[in-house]
Number of protein chains: 2
Amino acid sequence: MTDFAILGFLMYGPKSGYAIKRYMAMSTAHFYEASYGSIYPSLERMAEAGLVEAERAEGSGRLKRIYSIKAAGKKAFLEWLASPLDIVKGPSLLLLRLFFMGCLERGDAKEMLARFARTAAERKEWLESATDDLPEEPDFFQASTQRFGLAYYAFLQSWLEGLGTEVSASAAAKDERSKRTKKEGRS
Amino acid sequence: MTDFAILGFLMYGPKSGYAIKRYMAMSTAHFYEASYGSIYPSLERMAEAGLVEAERAEGSGRLKRIYSIKAAGKKAFLEWLASPLDIVKGPSLLLLRLFFMGCLERGDAKEMLARFARTAAERKEWLESATDDLPEEPDFFQASTQRFGLAYYAFLQSWLEGLGTEVSASAAAKDERSKRTKKEGRS
DNA sequence: TTATTCATGTAATTTGTTACATGATTCT
DNA sequence: AGAATCATGTAACAAATTACATGAATAA
């Protein structure tokens, strides 16, 4: 995946490995980010494979590689972009937790749901305020990933809150039932 | 993560590695699944660490290990369950694609969005029909992961469709503008 | 009897992170 | 002069997948 993400950034112009990482941090951090430990080796591999080429920056004593995407790289990237996508691949930490929450007491479970909902709200706020220092104006689709994030966190928050009230409601219903049972037992 | 998922399944009773995999396929497949290559080594590791214990199934010639969770395992599992969670960790293939869709022609992009929306709808249908052969009645939270899946795919589908119509609308607006400009140019 | 399902395991590979090492350049 | 940022890279480790190898039990 790293390879294609890097190629994608290079589609918008030549960049150094360092710059690619900076771009990621500013624009895709909420759904994708790579470390130097994967960026530099990936660039080297792709240079060997002829997908990108490095230009040693002129003058300066220390090596400084500016990579640009080559025709083969563009082809590979566009093929990847158009290839079928298994839309929700990858494990969901959140759902895995949720799946096992029956192992907790109801009170603890409710608290956790509330905490998750709060986290979703916080992430949303963070994303709202993080529209700041983008290098260039994001294009329509780049901006849409931001908007997706906002919509998704909102969805998540309300869903988790809904689940929390359901848990309360079912607890109340259970209390109701057991009260009635006791009464009937006494009568 | 594998370790905790496995411990979670063992919380509901002793199981073989094979059975754990089967359970995953039937109940958590849409957000988490592990391979034998991670399940068996994980069980072995955890047995060494005293989190689980294996019982060789009686009689049968071939070895067959039924694992049960021990006190230390329960403790570790419950700690994990209650630990703070970075709610949306992990890269999103979908958003990465979306981010770079400006590299495509508008028509191709629209088509891709439509395809993604269709995939979401299909996943939803698949999930609806996959409520079939669960081993036991899922509890409230287990069932809620299923419901989350349905709600999420619905959200995804409508969001993607909305984005598609936005693309069309902006294309139409652009056409409008250029038409007007031409007219004004002529007048 | 033959195919399928049950059942366990390993080796190679993939893919990535973390932590470290190094040094140039620019701002204060 | 010193701190922060720019900049590249590697080695150790982690986590998991894929493909393979093996064989017992059971259903057709």
Side-chain angles (χ1 to χ4, degrees), chain A residues 1-7 9-10 14-26 28-29 31-49 52-68 80 86 89-93 96 133 135, chain B residues 1-7 9-10 14-26 28-29 31-49 51-67 80 86 89-93 96 133 135:
Chain A
M1 212 160 99
T2 322
D3 290 11
F4 295 113
I6 291 174
L7 287 177
F9 279 102
L10 293 182
K15 281 169 195 62
S16 68
Y18 185 84
I20 289 168
K21 179 131 203 292
R22 239 191 308 123
Y23 271 66
M24 282 175 177
M26 287 185 297
T28 66
F31 59 89
Y32 181 76
E33 216 173 348
S35 63
Y36 290 128
S38 55
I39 292 172
Y40 286 117
S42 162
L43 283 168
E44 213 176 303
R45 263 198 322 275
M46 292 197 294
E48 261 172 55
V52 300
E53 65 188 344
E55 192 199 350
R56 283 149 210 76
E58 72 284 356
S60 52
R62 221 251 171 137
L63 79 169
K64 186 176 163 182
R65 297 168 197 280
I66 308 293
Y67 289 89
S68 2
W80 168 78
D86 193 353
K89 223 32 194 184
S92 164
L93 276 293
L96 194 60
D133 40 24
Chain B
M1 211 158 99
T2 323
D3 290 12
F4 295 114
I6 290 174
L7 287 176
F9 279 101
L10 293 182
K15 282 167 194 65
S16 67
Y18 185 84
I20 290 170
K21 178 128 205 288
R22 238 191 309 124
Y23 271 66
M24 284 176 176
M26 287 184 298
T28 66
F31 59 89
Y32 181 75
E33 216 171 350
S35 63
Y36 291 127
S38 55
I39 291 171
Y40 286 116
S42 162
L43 283 168
E44 214 178 301
R45 260 196 327 271
M46 292 198 292
E48 262 172 54
L51 301 180
V52 300
E53 65 188 344
E55 193 199 349
R56 280 148 211 78
E58 73 281 355
S60 50
R62 221 257 171 128
L63 78 169
K64 185 176 162 182
R65 297 165 196 283
I66 308 293
Y67 288 90
W80 168 78
D86 193 355
K89 224 31 193 184
S92 164
L93 274 295
L96 195 59
D133 40 23

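Hydrogens, waters and symmetry mates are skipped; everything else that's a heavy atom, side chains included, is used. Naming convention: chains lettered A, B, ... in sequence-line order (proteins, then strands); numbering from 1 in each chain. No experiment lies behind these values; they were computed from the predicted model shown.
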>> Tell me whether K15(B) contacts the main-chain N or O of F9(B) through its side chain, where contact means a donor paired with an acceptor under 3.5 Å.
In response: yes

>> Could you tell me if the side chain of R56(B) sits less than 4.5 Å from the side chain of K64(B), heavy atoms only?
In response: no

> When you check the phosphate oxygens OP1 and OP2 of dC6(C), does a side-chain N or O of S16(B) lie under 4.0 Å from one of them?
Replying inline: no

>> Among dT17(D), dT10(C), dT8(C), which nucleotide has an atom closest to any side-chain atom of E44(B)?
In response: dT10(C)

>> Please report the distance, rounded to the nearest Å, between CD1 in I39(A) and P in dC6(D).
In response: 14 Å

> Got I20(B) and Y23(B) here, is their nearest side-chain heavy-atom distance under 4.5 Å?
Replying inline: no

>> For a quick test of reading the model: is some side-chain N or O of Y18(A) closer than 4.0 Å to OP1 or OP2 of dC6(D)?
In response: yes

> With a non-hydrogen cut-off below 4.0 angstrom, is G37(A) in contact with a base, only sugar-phosphate, or nothing?
Replying inline: base

> Does Y32(A) reach the side chain of M1(A), with side-chain heavy atoms less than 4.5 Å apart?
Replying inline: yes

>> Do I6(B) and M46(B) have side chains that approach each other closer than 4.5 Å (heavy atoms only, starting at C-beta)?
In response: yes

> Over how many whole Å does the gap from R45(B) atom CZ to dG9(C) atom P extend?
Replying inline: 14 Å

> Rounded to whole angstroms, how far apart are OH on Y36(B) and P on dA21(D)?
Replying inline: 18 Å

> At under 4.0 Å, does any side-chain N or O of R22(A) touch on OP1 or OP2 of dT5(D)?
Replying inline: no

>> How many whole angstroms separate atom CD1 of I20(A) from atom C1' of dG9(D)?
In response: 15 Å

> Does T2(B) make a side-chain N or O approach to OP1 or OP2 of dA16(D) shorter than 4.0 Å?
Replying inline: yes

> From the list dT18(C), dG9(C), dG16(C), which nucleotide is the closest neighbour of the side chain of M1(A)?
Replying inline: dG16(C)

>> In whole Å, I'd like the distance from the NZ atom of K21(B) to the P atom of dT17(D).
In response: 9 Å

>> Output the rounded distance in Å from CG (L43(A)) to C1' (dA7(D)).
In response: 13 Å

> Is any side-chain nitrogen or oxygen of S38(A) closer than 4.0 Å to OP1 or OP2 of dG16(C)?
Replying inline: no

>> Using the side-chain heavy atoms of R65(B), tell me which of these nucleotides is nearest: dT17(D), dA7(C), dG9(C).
In response: dG9(C)

>> I need the CD-P distance between E33(B) and dT17(D), as an integer number of Å.
In response: 9 Å

> NZ of K64(A) versus C1' of dT26(C): gap in Å, rounded?
Replying inline: 12 Å

>> Below the 4.0 Å mark, does dT8(D) have OP1 or OP2 next to a side-chain nitrogen or oxygen of Y40(A)?
In response: yes

